[in-house]
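Step one of this worksheet: look at the structure below.
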Protein chains: 2
Amino acid sequence: MSLRHAMLGLLADRPASGYDLMKRFETSLSNVWPATQSQVYGELGKLTKAGLLEVAAQGPRGRKEYAITDEGRAELRRWLTEAGPDPVRRSEVLLRVFFLNHLTPVEATAYLMGEAERAAGQHRALEEVERNVDWGDDPLSVNGRLALEYGMRFMAMREEWARWAVEELGKARR
Amino acid sequence: MSLRHAMLGLLADRPASGYDLMKRFETSLSNVWPATQSQVYGELGKLTKAGLLEVAAQGPRGRKEYAITDEGRAELRRWLTEAGPDPVRRSEVLLRVFFLNHLTPVEATAYLMGEAERAAGQHRALEEVERNVDWGDDPLSVNGRLALEYGMRFMAMREEWARWAVEELGKARR
DNA sequence: AGCCGACATGTCAACAGTGGAATGTAGGGT
DNA sequence: ACCCTACATTCCACTGTTGACATGTCGGCT
């Protein structure tokens with residue numbers, strides 16, 4: 001149920017059409033909360049009916065510009081301050097690790113080395129992002145920087161763990 | 001589509017009933033890939049129809065004991081060795097971070113401190129698990145240990161990041 | 001003998017997310 | 001004047017996940 005809050009968050013900055021929102025999902029939010037166009041337009045309808053959004057203006061090609069209402073702002077704040085229950089963590093990576101004993105030691109090691117490589121690659125990609133984004137002074141990018149740092153630390157951790165796990169597997173074999 | 005592979009992985013060790021599988025999902029796998037009973041029974045049916053499982057024996061109370069077939073084992077191996085595309089990462093935590101500018105600095109700081117606390121709490125919980133599990137020599141627990149270590153490193157990273165983010169927020173305010 | 005708790009399976013409605021297709025309009029460049 | 005691209009919305013079918021409900025039986029304890 002976080003898509004609605006993502007949309008409220010985006011619209012709290014400034015009004016936008018569904019199309020505008022899609023672009024922002026594709027760029028800034030894609031690594032945090034991806035959404036498809038069907039979802040976005042569907043949710044816009046629901047949120048409007050629920051009174052959290054309103055159609056502030058109509059434009060050319062049937063464009064509807066949505067704006068957040070006071071009620072919507074209240075809901076956004078509620079969600080932000082509420083200490084959510086620990087998010088469900090599903091990890092396909094860990095699921096594979098759990099069943100690694102069904103592979104040969106060589107295959108298992110190869111898998112973990114691959115994990116390390118993938119993590120390293122994504123880490124490099126994030127470093128690239130860091131270099132390319134122009135960090136204006138707007139408050140938005142402060143948050144973006146926090147999220148980026150999280151991603152980089154996460155990838156570093158994944159790589160280190162995978163390399164450590166390779167070692168462990170080697171020890172266990174002896 | 002990983003539920004099916006989780007089930008194949010469990011059944012590759014030994015045959016089990018839906019009920020047995022549920023218990024294993026609730027204990028060892030709950031932190032990696034939770035599943036509900038409706039899902040498990042539904043998937044058992046689908047996997048059997050697809051020829052990846054077979055009903056190996058019938059027991060008392062309508063108990064059906066499922067066993068993995070050769071085809072199922074092949075599929076499990078395929079899934080384990082295939083380098084999956086980078087898994088979609090949705091993070092409610094980061095989504096909140098993105099919109100932290102809609103809170104007052106005090107509230108935002110409180111949120112991040114809360115995150116640090118939650119991560120620390122989960123870290124302690126995992127340490128507890130580590131102490132309580134009896135690490136037999138069976139190959140299964142080797143994998144379990146790898147997964148556990150991942151969890152602990154992850155929680156440590158989350159806590160450190162959150163404390164760092166509090167600092168950053170403080171700097172930005174000045 | 002009777003009962004309770006663990007064993008055991010099945011079904012259903014609802015929601016969230018994916019991916020694709022259909023449809024149409026406005027505006028800028030040639 | 002024309003066309004292409006970007007803008008813009010809507011609908012649909014399918015899979016995965018959740019949670020609740022319904023139903024029934026075996027085995028051991030009192």
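Each chain gets a letter, A, B and so on, in the order its sequence line appears, and its residues count up from 1.
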Value in whole Å for how far the [atom2] atom of [N] lies from [atom1] of [X]:
X: A:Glu92; N: D:dG16; atom1: CD; atom2: P; value: 12 Å
X: B:Arg63; N: C:dA8; atom1: CZ; atom2: P; value: 4 Å
X: B:Asp20; N: C:dA8; atom1: CG; atom2: C1'; value: 10 Å
X: B:Tyr66; N: C:dC7; atom1: OH; atom2: C1'; value: 15 Å
X: A:Arg89; N: D:dT17; atom1: CZ; atom2: C1'; value: 17 Å
X: B:Leu95; N: C:dA16; atom1: CG; atom2: C1'; value: 15 Å
X: B:Phe25; N: D:dG16; atom1: CZ; atom2: C1'; value: 13 Å
X: B:Gln39; N: D:dT18; atom1: CD; atom2: P; value: 6 Å

ask   = Closer to the 5' end of DNA chain C via nearest nucleotide, is it A:Gly62 or A:Thr36?
value = A:Thr36
request  = Using a cut-off of strictly less than 4.0 Å between a heavy atom of the residue and any atom of DNA chain D, enumerate the qualifying residues of residues 41-59 of chain A by number.
outcome  = A:Tyr41
remark   = Under a 4.0 Å heavy-atom criterion, the protein footprint on nucleotides 1-6 of chain C, written with B, S and -, is -----S
query = Partners of B:Arg73 by salt bridge (charged side-chain N to carboxylate O under 4.0 Å, His left out), sequence neighbours excluded?
reply = none
message = What verdict does the side-chain contact (heavy atoms from CB on, under 4.5 Å) test give for A:Arg89 and B:Gln122, after you've listed the backbone C-alpha separation in whole Å, the side-chain angles of each residue and the deciding distance to 0.1 Å?
response = CA-CA 12 Å; A:Arg89 30 169 196 285; B:Gln122 293 197 17; 3.4 Å; yes
message = Using the ring-ring contact (aromatic ring centres under 6.0 Å, His included) criterion, which residues pair with A:His123? Sequence neighbours excluded.
response = none
request  = Only counting residues at least two apart or in another chain, list the ones meeting side-chain contact (heavy atoms from CB on, under 4.5 Å) with B:Ala147.
outcome  = A:Leu94, A:Phe98
key: Listed partners of A:Pro34 passing side-chain contact (heavy atoms from CB on, under 4.5 Å), at least two apart   = B:Val88, B:Arg90
query = Is B:Gln37 side chain donor-acceptor paired with the C:dT9 base, going by distance under 3.5 Å alone?
reply = yes
Side-chain donor/acceptor of B:Ser38 to base of D:dG19, under 3.5 Å = yes
key: Intermediate values then yes/no, side-chain contact (heavy atoms from CB on, under 4.5 Å), A:Leu126 and A:Met155   = CA-CA 9 Å; A:Leu126 291 178; A:Met155 290 311 155; 4.3 Å; yes
inquiry  = Looking at A:Glu149 and A:Arg153, is there a salt bridge between them, counting it only when a charged N and a carboxylate O are closer than 4.0 Å?
reply    = yes
message = Ring-plane angle category for A:His5 and A:Trp79, please: parallel below 30°, perpendicular beyond 60°, tilted otherwise.
response = parallel
request  = Mind checking A:Met1 for me? I need base, sugar-phosphate or nothing, with any heavy atom below 4.0 Å counting as a touch.
outcome  = sugar-phosphate
query = For B:Arg90, which contact category applies under a 4.0 Å heavy-atom criterion: base, sugar-phosphate, or nothing?
reply = sugar-phosphate
ask   = Does the side chain of B:Leu47 come within less than 4.5 Å of B:Ile68's, by heavy atoms?
value = no
query = Given C:dG10, is OP1 or OP2 found less than 4.0 Å from the side-chain N or O atoms of B:Lys64?
reply = yes
